[in-house]
*Asks:* 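Dumping the structure here so I can ask a few things about it.
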Number of protein chains: 2
Amino acid sequence: MIRAAVELFVERGFEQTTAGDIAERAGVTERTFFRHFADKREVLFDGSKTMERTAYDAILAAPADLSPLDAALAGVVAGGSLLEGRRDHAIRRSKIIAANPSLQERELLKLAAMADTAAEALRTRGVAEPAASLAAHSAVTVFQVGFAHWLSAEVPAEEPQDVATCIAQAAAALRALT
Amino acid sequence: MIRAAVELFVERGFEQTTAGDIAERAGVTERTFFRHFADKREVLFDGSKTMERTAYDAILAAPADLSPLDAALAGVVAGGSLLEGRRDHAIRRSKIIAANPSLQERELLKLAAMADTAAEALRTRGVAEPAASLAAHSAVTVFQVGFAHWLSAEVPAEEPQDVATCIAQAAAALRALT
DNA sequence: ACGGGTATGTCAGTTACTGACATCAACCGT
DNA sequence: ACGGTTGATGTCAGTAACTGACATACCCGT
């Protein structure tokens, strides 16, 4: 169904395709669609829980001597690495989202959820508030900036950037801020 | 209408009140409600554009020798100061939002919009990307954390905290991160 | 063969929102 | 005073996102 949905969103746009359209192309009923996805938007955010858990685990697994910010960054790098090799799909998806405010809202909610569980992971590492929240949200901001750069990067021939590198560059820019 | 809406949201909750309910209590038609507010959620985010512009102006008006992060922080402090003296209303509002994911999405969108225009202001100050985005989003994160603390602070008798102080504390915590 | 669990179809209902059109009052220039 | 314009509102019909209730089919272990 995800494939069917993305196809239709690319063809006619998100608002112009109804849940019934997606269901029809996928060969099921509209009701069935809503049993698999809480709402029409959710179909574009399938992997988010996986990414969230990956980041959480990576933060807990990070070396104990890492600073809170570095641990959080390790988390978002691990999460972002899940998208490695799926750049074209990520680009299509991000174009769909960029064209629709309600999808941007959902994306922000997912990112906020990731930041919240990252903060939770930091807290179990012994980081106190508000440092945990601040480090987690900063790391997610770095993720957003690095990820956007990864998507927009020209890849002419020789230098295929990977997600981790882009995030590391954004992290360096954040540190330069102080 | 805003007053009518907040009343009903407190009485029965957000989902349990229909747009028609709000309109009725306000003495207008449902159609009229939707002419004033783009959707039912928007009724809780009336002041956001004002706050956004205030932050933007404050960033442009900040001393030229301020660092990007400090300029952005000056912006969110100016924006947050608009809420000074309306703490009880802010608390009621934030409880309503906390109880409803779709309202959280909208709030995140507004905060992201504020971060984006703050980044724009930094750019006209000559700050390059990605520093502008990173500083702006970091400042908004600091705003969130400081604002939450302002809302939750116990105010027994002697020490009424103001918004700017809470944000400054959160900013200090962010700097301590590096 | 049977009973239970899980995925799906069917159908009716609610609600958020939108477009088209009518109404009405305030206001403006002559 | 009068006709015209403008802006806010009411009315009504329609679309589409969901939801709950119920029926049906399939699959699996006994």
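Side chains are part of it too, since the values below use all heavy atoms of this structure and drop only hydrogens, waters and symmetry mates. Numbered from 1 within each chain, the chains take letters A, B, ... in sequence-line order.
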*Asks:* Taking only the side-chain nitrogens and oxygens of A:Thr32, find out if one of them lies under 4.0 Å from OP1 or OP2 of C:dG9.
*Replies:*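 Yes, such a contact exists.
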*Asks:* Quick one: A:Leu8 CG to D:dA16 P, roughly how many Å, whole number?
*Replies:*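 From A:Leu8 CG to D:dA16 P: 14 Å.
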*Asks:* Within 45 degrees of the axis of the six-membered ring of A:Phe45 and under 6.0 Å from its centre: does A:Arg93 put its NZ or CZ there?
*Replies:*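 Judged by the rule (NZ or CZ under 6.0 Å from the ring centre, within 45° of its axis), A:Arg93 counts as positioned above A:Phe45.
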*Asks:* For DNA chain C, what residues of residues 10-22 of chain A have any heavy atom nearer than 4.0 Å?
*Replies:*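 When residues 10-22 of chain A is checked for heavy atoms under 4.0 Å from DNA chain C, there are no hits whatsoever.
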*Asks:* Taking only residues two or more places apart in sequence, or in another chain, which ones meet B:Gln104 in a side chain to side chain donor-acceptor pair (under 3.5 Å)?
*Replies:*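 Residues passing side chain to side chain donor-acceptor pair (under 3.5 Å) with B:Gln104: none at all.
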*Asks:* Linking Ile, Leu, Val, Met, Phe, Trp and Tyr by side-chain heavy atoms under 4.5 Å, what else ends up with B:Leu122?
*Replies:*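 Other cluster members: B:Ile59, B:Val127.
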*Asks:* In whole angstrom, give the distance that lies between atom CD of B:Glu30 and atom C1' of C:dT15.
*Replies:*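 Rounded to whole Å, this separation is 8 Å.
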*Asks:* Calculate the interatomic distance between A:Glu24 atom CD and C:dT8 atom C1'; express it in whole Å.
*Replies:*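 Computing the A:Glu24:CD to C:dT8:C1' distance gives 17 Å.
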*Asks:* Taking the side chain of A:Arg35 as its heavy atoms from C-beta onward, which of C:dG9, C:dC17, C:dA20 lies nearest to it?
*Replies:*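 The nucleotide sitting nearest to the side chain is C:dG9.
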*Asks:* Taking atom P of C:dA7 as reference, at what distance in whole Å does atom CE of A:Met1 sit?
*Replies:*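 These atoms are roughly 14 Å apart.
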*Asks:* May I have the distance from B:Arg41 (atom CZ) to D:dA17 (atom P), rounded to whole angstrom?
*Replies:*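 Atom-to-atom, B:Arg41 to D:dA17, this comes out as 15 Å.
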*Asks:* Which part of the nucleic acid, if any, lies within reach of A:Thr29 when heavy atoms closer than 4.0 Å are counted: base, sugar-phosphate only, or nothing?
*Replies:*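 Touches a base.
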*Asks:* Could you work out, with side-chain contact (heavy atoms from CB on, under 4.5 Å) as the rule, every residue matching A:Ala173, not counting sequence neighbours?
*Replies:*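 B:Pro130, B:Leu134.
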*Asks:* Rounded to whole Å, how long is the line connecting atom CZ of B:Phe33 with atom C1' of D:dT11?
*Replies:*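 After rounding, the gap between these two atoms is 19 Å.
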*Asks:* Can you find a side chain N or O atom of A:His36 that sits less than 4.0 Å from OP1 or OP2 on C:dT8?
*Replies:*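 The answer is yes; a side-chain N or O of A:His36 sits under 4.0 Å from OP1 or OP2.
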*Asks:* Could you tell me how far apart B:Arg31 (CZ) and D:dC12 (P) are, to the nearest whole angstrom?
*Replies:*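 To the nearest whole Å, that distance equals 14 Å.
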*Asks:* Between atom NZ in A:Lys40 and atom P in D:dC18, what is the gap in whole Å?
*Replies:*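 My rounded result for the distance is 8 Å.
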*Asks:* Enumerate the salt bridge (charged side-chain N to carboxylate O under 4.0 Å, His left out) contacts for residues 110-119 of chain B, please, sequence neighbours excluded, ordered by first and then second residue.
*Replies:*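 Residue pairs with at least one partner in residues 110-119 of chain B: B:Glu42-B:Lys110.
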*Asks:* Keeping to residues at least two apart or across chains, list the side chain to side chain donor-acceptor pair (under 3.5 Å) pairs with something in residues 55-68 of chain A.
*Replies:*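 Pairs touching residues 55-68 of chain A that pass the test: A:Ser67-A:Asp70.
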*Asks:* Give, for atom CZ of B:Arg41 and atom CG of B:Asn100, the distance between the pair rounded to the nearest 0.5 Å.
*Replies:*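 Nearest 0.5 Å value for the CZ-CG distance: 8.5 Å.
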